[in-house]
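In what follows, a single structure is set out as structure tokens and then discussed.
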Amino acid sequence: MLKQHNPNDPITILAIESSCDDTSAAVLRDGRLLSNVTAGQAVHEAYGGVVPELASRAHQQNIVPVVDQALKKAGVTKEELSAIAVTLGPGLMGSLLVGTSFAKGLALSLGIPLIDCNHLQGHILAHFIQEGDEDRAVPPYPYLCLLVSGGNSQIVKVNSHRDFELLGQTIDDAAGEAIDKCSKVMGLGYPGGPIIDRLARQGDPKAFQFSKPNIAGLDYSFSGLKTSFLYFLRDQLKEDPDFIEKNKNDLAASLEKTIVDILMKKLKQAVKETGINHVALSGGVSANTGLRNAFKNMQQGAGWNIYIPPFSYTTDNAAMIAITAYYKFLDGEFCDINKPAFSRTVI
Ligand code: KG4
């Protein structure tokens, strides 16, 4: 038997996110964030990408201390919780199983409901996270969201907190994946996004030209760019073995510009087609300086109303899962304890 929530009590949610290589827990009370604790996994750096088996082992080590810290930081005891929220997918199955098993066990032992959240919806609703005393401006419905991460590149029309319309998505690689792979080819570290971002600030974005896709509608493609980058470097290295070292700032700036141009072209088309000019940016790649600047230019030049999340809510975090779960709690939408994790889906 689940404990009934007393309507006079605050709604206090503990959220857990473990879909990839970040173990994160957050506590939200009545829609305001009290804590958000995330443990990254440096173990993958040596491999130039996330190793699924190592990720799930690291989640097992991190989950108890991360949840413990999130509760302590929020000043909340387990007994005060109204529900446990968890990312059910999409993500790496081994990683998801750690978070979902932990969340299910905790919800069962406390006799409180479980709320399942979609990782992608979490990224999209990150704009509604409120903390401290001041309210951040939130996008009105409907708004467009460019969701760009290591695993996804999508344009979504958000009609409400429960109605997501996919307008376009990548037909092959995600934008973050392309950045990470190109960075790997250049011999830079992992994840490549923040490194490319840093180098790009000192480079000339017009120094090199890389291929841009010609895809119908609002879909994206990044695999051609990745291949053209690879072949370009291969040819240049034949002439000069130090080519990358000598040109890394310009290479990073030109790569970043190409990716930003590709992303913005379809987004502008989506704004034109839908007539919606409230436009939000979400996901790990939304930390990128070039992309943020392109958004700001559209605000000044084209009158877009733009919404860019604080850096802490761009990459994977449990705060976005907590706010997604809060809306589900208000709607009375809870999850069967036997509902399984899932690795692949769109929004
Ligand atoms: O959302 P996220 O943390 O994980 C997924 O759900 O995929 O996104 C991770 C991606 C990686 O590809 C990483 O390189 C990229 O976000 N990223 C960036 C920056 N910071 C992280 N890409 C470009 N510029 C950045 N500053």
Side-chain angles (χ1 to χ4, degrees), residues 17-24 36 38-41 44-45 47-50 52 55 59 87-92 95-96 99 117-127 145-154 156 169-170 173-186 188-203 205 220 222 225-226 251-264 280-295 308-321 324 343-347:
E17 153 67 39
S18 73
S19 62
C20 190
D21 61 340
D22 290 303
T23 321
S24 188
N36 179 49
T38 304
Q41 302 182 354
H44 308 289
E45 278 165 22
Y47 302 93
V50 177
H59 281 304
T87 304
L88 215 56
L92 298 171
S95 294
L96 289 165
C117 296
N118 179 304
H119 179 78
L120 305 179
Q121 292 178 5
H123 272 305
I124 292 169
L125 296 178
H127 295 278
C145 185
L146 175 66
L147 170 55
V148 265
S149 68
N152 296 278
S153 301
Q154 305 182 334
V156 181
Q169 63 179 327
T170 182
D173 292 349
E177 195 179 351
I179 297 177
D180 291 343
K181 284 182 182 163
C182 292
S183 143
K184 193 174 174 182
V185 172
M186 285 174 68
L188 306 173
Y190 177 83
I195 305 170
I196 294 287
D197 192 341
R198 186 168 40 78
L199 297 176
R201 307 284 63 79
Q202 287 130 49
Y220 287 118
F222 289 99
L225 165 64
K226 192 185 63 188
L251 283 167
S254 303
L255 174 68
E256 182 190 273
K257 180 179 181 334
T258 310
I259 290 179
V260 170
D261 285 352
I262 296 170
L263 290 170
M264 293 305 289
L281 182 57
S282 288
V285 182
S286 66
N288 182 261
T289 312
L291 188 55
R292 287 175 170 242
N293 289 342
F295 258 65
I308 303 179
F311 281 107
S312 41
Y313 307 130
T314 56
T315 46
D316 292 348
N317 65 88
M320 66 186 197
I321 302 304
T324 306
S343 57
R344 296 183 76 87
T345 190
V346 284
I347 48 161

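Treat the numbers as computed from the prediction; the structure is a model and nothing was measured. For ligands, and for the atoms within them, numbers begin at 1 and follow the listed sequence.
- Taking every non-hydrogen atom of T315 and a distance limit under 4.0 Å, the qualifying atoms of ligand 1 come out as 3 (O).
- Checked by distance only, ligand 1 and P191 stay at 3.5 Å or farther apart across all their nitrogen or oxygen atoms.
- Close contacts of ligand 1 with S149, meaning ligand atoms under 4.0 Å from a residue heavy atom, involve 1 (O), 5 (C), 6 (O), 7 (O), 8 (O).
- Closest to atom 7 (O) of ligand 1 among all protein heavy atoms lies G150 N, 2.8 Å.
- Within the 4.0 Å heavy-atom criterion, neither part of E256 lies near ligand 1.
- Near H119, meaning under 4.0 Å from one of its heavy atoms, ligand 1 places the atoms 6 (O).
- Taking a cut-off of under 4.0 Å to the non-hydrogen atoms of D197, the atoms of ligand 1 that pass are 24 (N), 25 (C), 26 (N).
- Short contacts between ligand 1 and G151, defined as distances under 4.0 Å to a heavy atom of the residue, involve ligand atoms 7 (O).
- Counting protein heavy atoms only, atom 21 (C) of ligand 1 is closest to G284 O, 3.4 Å.
- With a 4.0 Å cut-off on non-hydrogen atoms, D180 touches ligand 1 through its side chain and not its backbone.
- Shortest contact from atom 22 (N) of ligand 1 to any protein heavy atom: G193 CA, 3.3 Å.
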side-chain contact (heavy atoms from CB on, under 4.5 Å) assessment of Q169 paired with V156:
CA-CA 9 Å; Q169 63 179 327; V156 181; over 6 Å; no
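- Between D180 and K184 there is no salt bridge, since no side-chain N of the basic residue sits under 4.0 Å from a carboxylate O of the acidic one.
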May I have the step-by-step check of side-chain contact (heavy atoms from CB on, under 4.5 Å) for V185 and K226, ending in yes or no?
CA-CA 10 Å; V185 172; K226 192 185 63 188; over 6 Å; no
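- Formation of a donor-acceptor pair under 3.5 Å by the S95 side chain with backbone atoms of A55 is not found in this model.
- Of all the atoms in ligand 1, the ones that sit under 4.0 Å from a non-hydrogen atom of G176 are 12 (O).
- Residues that satisfy the ring pair (Phe, Tyr, Trp, His ring centres under 6.0 Å) test with H59, not counting sequence neighbours, are absent from this structure.
- In this structure, T315 contributes its side chain and G284 its backbone to no donor-acceptor pair below 3.5 Å.
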Walk me through whether I179 and F222 qualify under side-chain contact (heavy atoms from CB on, under 4.5 Å).
CA-CA 9 Å; I179 297 177; F222 289 99; over 6 Å; no
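- Around atom 3 (O) of ligand 1, the closest heavy atom drawn from D316, L120, N288, N152 belongs to D316.
- Here the side chain of H44 pairs no donor or acceptor atom with the backbone of P52 at under 3.5 angstrom.
- Proximity to A287 (heavy-atom distance under 4.0 Å) selects the following atoms of ligand 1: 20 (N), 26 (N).
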Kindly determine whether H123 and D316 satisfy side-chain contact (heavy atoms from CB on, under 4.5 Å), including the steps that lead there.
CA-CA 8 Å; H123 272 305; D316 292 348; 3.2 Å; yes
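- Shown in contact with H123 at under 4.0 Å from a heavy atom are these atoms of ligand 1, numbered in order with element: 1 (O), 6 (O).
- Between the side chains of S24 and N317, no donor N or O sits under 3.5 Å from an acceptor N or O.
- Under a 4.0 Å heavy-atom criterion, P194 is in contact with ligand 1.
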